[in-house]
Amino acid sequence: MLAKSFILSLACAALATAQSASLTASIEPAAATVATDATAADVPLFDVEAVQLTDDVVASIQEDPALAEYASLFEFEDSSNSTLSSRARRARRSFRCKTMPGDALYPSKTAWRIFDLLLGGALEKIVPIGSPCYKDSEYNNYDSAQCANLVQNVGSEKLYYDNNGALMNPLYYGMTCPIPASGDSASGTCTQGGYSEYAVKISNVAQIQLAVNIARTLNLRLVVRNTGHDYNGRSVGKGALSIWTHGLKDIKYVKNYKSSKYSGPVFKLGAGVQGFELYQAADKYGVSAVAGICPTVGVTGGYAAGGGHSPLMQLFGMGSDQVVALEVVLASGRFVTATPDINSDLYWAMLGGGGGTWGVVTSAVVKVHPKVPVTVSSWTLMTSESVTADKFWEAFKFFYDNFPTYNAAKTYSYFSVMKLAPGTYMWSMSPFFAPEMTVEEYEELVKPFYEKCASLGIELNASTTHYDSFYPAYAATFGTLNYYVGGAGAIPGNRLVPTENWADAAIRNQTFAAIQTAVENALMVSMYHQRPAEQQHKGINSVNPAFRNQESQMVFISPVAEQTAAGWKAANDNLATNVMGPIRAITPSGGAYGNEADISEPDWQQSFWGANYPRLQQIKKKYDPGMLFYVHHGVGTEGWTIDDGGIVGVQSTDGPLCRR
Ligand SMILES: Cc1cc2nc3c(=O)[nH]c(=O)nc-3n(C[C@H](O)[C@H](O)[C@H](O)COP(=O)(O)OP(=O)(O)OC[C@H]3O[C@@H](n4cnc5c(N)ncnc54)[C@H](O)[C@@H]3O)c2cc1C
Ligand SMILES: *[C@@H]1O[C@H](CO)[C@@H](O)[C@H](O)[C@H]1NC(C)=O
Ligand SMILES: *[C@@H]1O[C@H](CO)[C@@H](O)[C@H](O)[C@H]1NC(C)=O
Ligand SMILES: *[C@@H]1O[C@H](CO)[C@@H](O)[C@H](O)[C@H]1NC(C)=O
């Protein structure tokens with residue numbers, strides 16, 4: 001279709017002075033609109049995906065005398081008509097560190113301005129969310145009412161996913177501008193820390209391509225961000241340009257999708273769609289779809305890229321298993337399709353191999369499943385005069401021993417176990433999730449456990465309810481949980497515990513003893529009994545094999561006694577040694593979920609990907625040899641490091657990204 005080219009007046013010769021209003025007034029967005037069926041996938045592009053940076057558009061930038069100085073910044077890597085000299089190219093490649101503000105290659109104010117105009121005005125300066133609390137900062141935006149509001153809503157997810165200067169788990173940007181615990185102002189200073197410098201608020205594919213191209217040609221640090229939920233700060237980076245996909249909210253239902261590996265209904269989802277939006281769409285169409293337990297996690301960003309567990313995984317598979325096609329902007333700047341048949345290596349790698357590593361997803365086509373009825377049950381058991389600690393553990397152990405039975409029955413649960421005080425424990429089931437079961441069928445399944453409780457004199461008082469479809473069952477349980485975010489008072493890690501650990505009474509006892517040790521030394525241990533449905537096509541993606549062989553995912557949270565670098569380091573050491581150490585030792589064939597990982601996970605390549613790692617590394621080299629897409633403990637990042645000077649005692653993003 002027609003390329004919308006630049007209309008530049010000759011008066012723009014004043015580019016050197018840059019401030020020229022006539023220059024900026026005359027630069028049009030660099031984009032062309034292609035046909036929505038210009039895709040190798042079987043579902044047409046969204047309108048926003050049809051707005052692209054084409055070779056013609058790049059050529060028109062290059063032909064514009066007024067833009068001559070900047071033209072080479074936006075060309076594709078494989079540009080046949082590059083205006084970037086090979087000398088410049090080599091120089092850029094040989095830098096040890098990514099370009100930081102202040103470096104010679106870092107874009108000038110004028111270059112940012114021109115970039116913004118080519119983007120159609122989508123460039124934002126990122127301002128730390130906590131900055132209105134600081135009376136004297138470079139942001140000059142102190143506002144006591146706004147600060148009080150932040151303090152009050154510090155645990156609200158919306159605060160974070162709607163603001164590019166925010167991270168759901170804030171420790172990893174370096175805590176250089178924390179929201180105070182109380183009041184309407186903070187003492188101390190507020191600086192950018194590990195938050196990115198600029199964001200492109202994406203509303204079309206051309207903007208992603210422009211951002212990828214300028215980042216590659218100037219050796220900028222680049223990050224991709226969706227909701228900012230990432231546990232390990234992998235959606236921000238000091239000095240970085242951020243591609244923010246949160247606004248890509250399209251959802252389209254397609255009744256009859258057909259490909260070599262899957263036939264049936266699908267949703268095509270924009271990269272910004274969050275769990276609650278997919279669940280609501282599925283409910284509206286009378287079907288089911290797979291997303292996480294937390295309503296606000298993105299679906300096709302980090303979640304589907306990293307594996308994705310779900311209350312429906314035992315019926316339909318992992319989050320990654322849902323995706324039948326992806327539309328992606330690669331490090332080269334090119335926009336491609338990945339399916340089991342097209343760019344199949346990329347498809348394999350991008351579903352399991354982790355977010356922010358392969359390219360920028362703009363949409364994913366995901367499977368849709370039949371409506372399912374669900375029975376849910378919740379209870380809380382606490383030690384008391386009649387429930388001694390021994391009885392408490394005996395009841396819980398009985399339940400725990402039965403995970404394989406519950407998984408075989410295609411159920412799922414999420415619960416936490418805490419030591420409230422020495423000898424005082426609480427087990428909070430929230431909830432046991434039993435799809436395709438009536439209350440009677442569910443009660444039959446857990447009858448031996450109820451009987452065990454009764455024999456110990458424990459009245460469980462479980463609250464059990466049946467719903468005739470997923471969404472109301474979800475909304476009444478997971479949808480109401482408080483997913484506490486905003487603090488930095490805890491450091492998490494996790495383990496995928498394999499079937500082998502239930503093989504006989506001896507190994508069950510030893511594993512359980514490690515869990516008890518963890519409960520003693522942790523703030524909280526959250527557990528899931530979960531096991532994904534068998535894959536229809538073995539090895540179709542790179543999801544951690546440890547997910548396929550698990551009976552439980554366990555999330556361990558280490559308390560932070562003091563919010564200082566020494567305090568965070570001590571909490572991380574406690575996590576490694578006293579909490580997860582025994583569990584890791586007793587689960588040698590287990591692994592860990594990269595999306596909810598300990599920032600200092602040992603032997604992370606094996607933990608997150610097992611036998612899939614070598615092939616992932618090869619594919620990374622093929623698609624991103626220059627490491628444009630870096631994330632902490634991402635595939636192929638062994639040669640890179642962030643030197644943050646130990647600012648928070650654990651690895652943060654608050655330092656330059658350099659080759660080792
Ligand atoms: C409260 C809470 C509850 C959670 N519950 C669950 C759960 O039930 N099940 C589960 O599996 N996980 C869960 N998670 C973990 C979740 O899967 C990860 O945090 C995940 O990385 C979030 O992805 P996002 O895209 O929403 O977040 P972001 O932080 O924005 O991104 C995460 C990673 O994905 C990359 N990324 C984002 N968008 C794109 C894109 N368009 N293209 C390429 N890369 C991209 C980013 O670069 C980053 O590396 C939970 C997390 C939290 C904080
Ligand atoms: C290559 O770029 C030059 C300007 O730099 C232009 O004159 C020429 O037409 C371009 N050629 C192609 C094939 O795009
Ligand atoms: C269940 O309810 C009974 C009666 O109210 C109470 O005595 C008992 O402690 C409750 N059990 C639990 C586990 O809370
Ligand atoms: C496992 O532990 C239970 C109770 O703690 C005990 O009765 C049983 O003998 C143990 N079994 C083995 C094989 O260690």
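Treat the numbers as computed from the prediction; the structure is a model and nothing was measured. In listed order, ligands and their atoms are each counted from 1.
- Note: an N/O pair closer than 3.5 Å links G228 and ligand 1 by distance alone.
- With ligand atoms numbered from 1 in the order given, ligand 1 contributes 51 (C), 52 (C), 53 (C) to contacts under 4.0 Å with heavy atoms of Y231.
- In this structure, V223 has no heavy atom closer than 4.0 Å to ligand 1.
- Atom 11 (N) of ligand 3 is approached by the protein to below 4.0 angstrom, counting heavy atoms only.
- Within the 4.5 Å cutoff, the side chain of T464 has no heavy atoms near those of the W379 side chain.
- Between W244 and H246, the angle of the ring planes stays under 30°, which puts this pair in the parallel group of the 30/60° scheme.
- Listed by atom number, the atoms of ligand 4 under 4.0 Å from A506 heavy atoms are 13 (C).
- Counting heavy atoms under 4.0 Å from ligand 1, residue E157 does not touch it at all.
- Ligand 1 has no nitrogen or oxygen under 3.5 angstrom from a nitrogen or oxygen of Y528.
- When all heavy atoms of I293 and Y474 are compared, the pair lying nearest together is O-OH, 2.8 Å.
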CA sep, side-chain torsions, deciding dist, call: E601, S607, side-chain hydrogen bond (donor to acceptor under 3.5 Å, both in side chains): CA-CA 8 Å; E601 179 76 25; S607 280; 2.9 Å; yes
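- Each of the following atoms of ligand 1 lies closer than 4.0 Å to a heavy atom of I293: 7 (C), 8 (O).
- Ligand 1 has no N or O atom lying under 3.5 Å from any N or O atom of V360, backbone or side chain.
- In this structure, atom 7 (O) of ligand 3 lies nearest to the protein heavy atom E459 OE1, 4.2 Å.
- Closer than 4.0 Å to atom 14 (O) of ligand 3 lies at least one heavy atom of the protein.
- Using a non-hydrogen distance threshold of 4.0 Å, I458 does not register as a contact of ligand 3.
- The two residues G356 and V631 come nearest to each other via the heavy atoms O-CG1, 3.6 Å.
- For atom 16 (C) of ligand 1, the nearest non-hydrogen atom from the set V297, V631, D230, N226 belongs to V297.
- On a distance-only criterion, N509 and ligand 4 share at least one N/O pair closer than 3.5 Å.
- With atom 40 (C) of ligand 1 as the reference point, the heavy atom nearest to it among V224, N232, T300 is part of V224.
- For atom 2 (O) of ligand 4, the nearest protein heavy atom lies closer than 4.0 Å.
- When atom types are taken as modelled, the side chain of D250 and the backbone of F46 share no donor-acceptor pair closer than 3.5 angstrom.
- Protein heavy atom closest to atom 9 (O) of ligand 3, with residue, atom name and distance, is N461 ND2, 4.7 Å.
- By the definition of a contact as any protein heavy atom under 4.0 Å away, atom 5 (O) of ligand 4 is not in contact.
- Those atoms of ligand 1 with a heavy atom of G298 less than 4.0 angstrom away are 26 (O).
- At a heavy-atom cutoff of 4.0 Å, ligand 1 is contacted by the side chain of Y593 but not by its backbone.
- The N/O atoms of G302, backbone and side chain alike, include one that comes under 3.5 Å of an N/O atom in ligand 1.
- The residue from A305, G301, G359, P492 that puts a heavy atom closest to atom 43 (C) of ligand 1 is G359.
- Of all non-hydrogen atoms in V236 and S196, the two that sit nearest each other are CA-OG, 3.8 Å.
- Classified by interplanar angle (parallel below 30°, tilted 30° to 60°, perpendicular above 60°), the ring pair W427/F415 is perpendicular.
- Judged purely by atom type and a 3.5 angstrom limit, S552 uses its side chain to pair as donor or acceptor with the backbone of Y528.
- Of all the heavy atoms in L351 and N541, the pair that sits closest is O-CB, 3.1 Å.
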Criterion side-chain hydrogen bond (donor to acceptor under 3.5 Å, both in side chains) on Q314 and T411, from CA distance to verdict: CA-CA 7 Å; Q314 67 281 12; T411 64; over 6 Å; no
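- Taking the six-membered ring for Trp and thresholds of 30 and 60 degrees, F470 and F433 have ring planes more than 60 degrees apart, a perpendicular arrangement.
- Residues V323 and Y347 share a closest heavy-atom pair of O-OH, 2.6 Å.
- Among the atoms of A271, none of the N or O lies under 3.5 angstrom from an N or O of ligand 1.
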Test log, rule side-chain hydrogen bond (donor to acceptor under 3.5 Å, both in side chains), inputs N407 and E551: CA-CA 7 Å; N407 283 323; E551 299 291 345; 2.7 Å; yes
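- Looking at heavy atoms from C-beta onward, Y400 lies in side-chain contact with W502 at the 4.5 angstrom threshold.
- Contact annotation: G308 has at least one heavy atom less than 4.0 Å from an atom of ligand 1.
- Distances below 4.0 Å separate heavy atoms of G292 from the following atoms of ligand 1: 7 (C), 8 (O), 9 (N).
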